[in-house]
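Data block below; observations after.
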Amino acid sequence: LEKMDIAINYLKHAYDIDKDNSKVARKYAIVLSIKGNNQLALEVIRKAIKNDKNEVYNQLTLGEILLNADSTNSAELV
């Protein structure tokens, strides 16, 4: 898990530099979710969806995070 913590730090830094970058936001949100920080992961990916409504991968990532959080009812709605 040490490598995951390093990844979170790098992705957080990249995300802090450019919060409008959907690709960075998705990767950051996925890693947060894997580490169990689903609340922050959901905040990050929902902001990415709001900033780029046409990016389908953001919607898929939202579903993945909801599944990781065991929110299958919400994930079915995505």
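Every value quoted in this text rests on a predicted model; they were computed, and no experiment measured them.
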- Message: Please check: side-chain N/O of Thr61 versus main-chain N/O of Tyr57, any donor-acceptor pairing under 3.5 Å?
- Response: yes
- Query: Quick one: CG on Leu40 to CD1 on Ile45, what's the gap to the nearest 0.5 Å?
  - Reply: 11.5 Å
- Lys27 atom NZ: more than 12 heavy-atom contacts under 6.0 Å: no
- Message: Looking at every non-hydrogen atom in both residues, tell me the closest pair between Asn51 and Lys19 and how far apart they are.
- Response: ND2-O, 3.9 Å
- Going by heavy atoms in the side chains, are Val24 and Asp18 under 4.5 Å from each other? no
- Query: Of the non-hydrogen atoms in Ile49 and Asn58, which two are nearest, and what is the gap between them?
  - Reply: CG1-CB, 3.6 Å
- Query: What's the spacing between Ile65 CD1 and Leu60 CG if we round to 0.5 Å?
  - Reply: 11.0 Å
- Message: For the CG atom of Leu67 and the CG atom of Asn38, what is their distance to the nearest 0.5 Å?
- Response: 10.5 Å
- Query: Looking only at heavy atoms, which two atoms of Ala25 and Val44 are closest? And how far apart?
  - Reply: O-CG1, 3.5 Å
- Message: Would you compute the distance between atom CD of Gln59 and atom CZ of Arg26 and round it to the nearest 0.5 angstrom?
- Response: 11.0 Å
- Message: So, taking the atom named OG in Ser33 and the one named CD in Gln39, what distance separates them when rounded to the nearest 0.5 Å?
- Response: 11.5 Å
- Atom CG in Asn21, atom OH in Tyr28: separation rounded to 0.5 Å? 14.0 Å
- Message: Asp5 vs Lys35, test: side-chain contact (heavy atoms from CB on, under 4.5 Å). Steps then yes/no.
- Response: CA-CA 8 Å; Asp5 293 332; Lys35 282 289 285 186; 2.9 Å; yes
- Item | Side-chain touch Leu62/Leu42, heavy atoms, less than 4.5 angstrom | yes
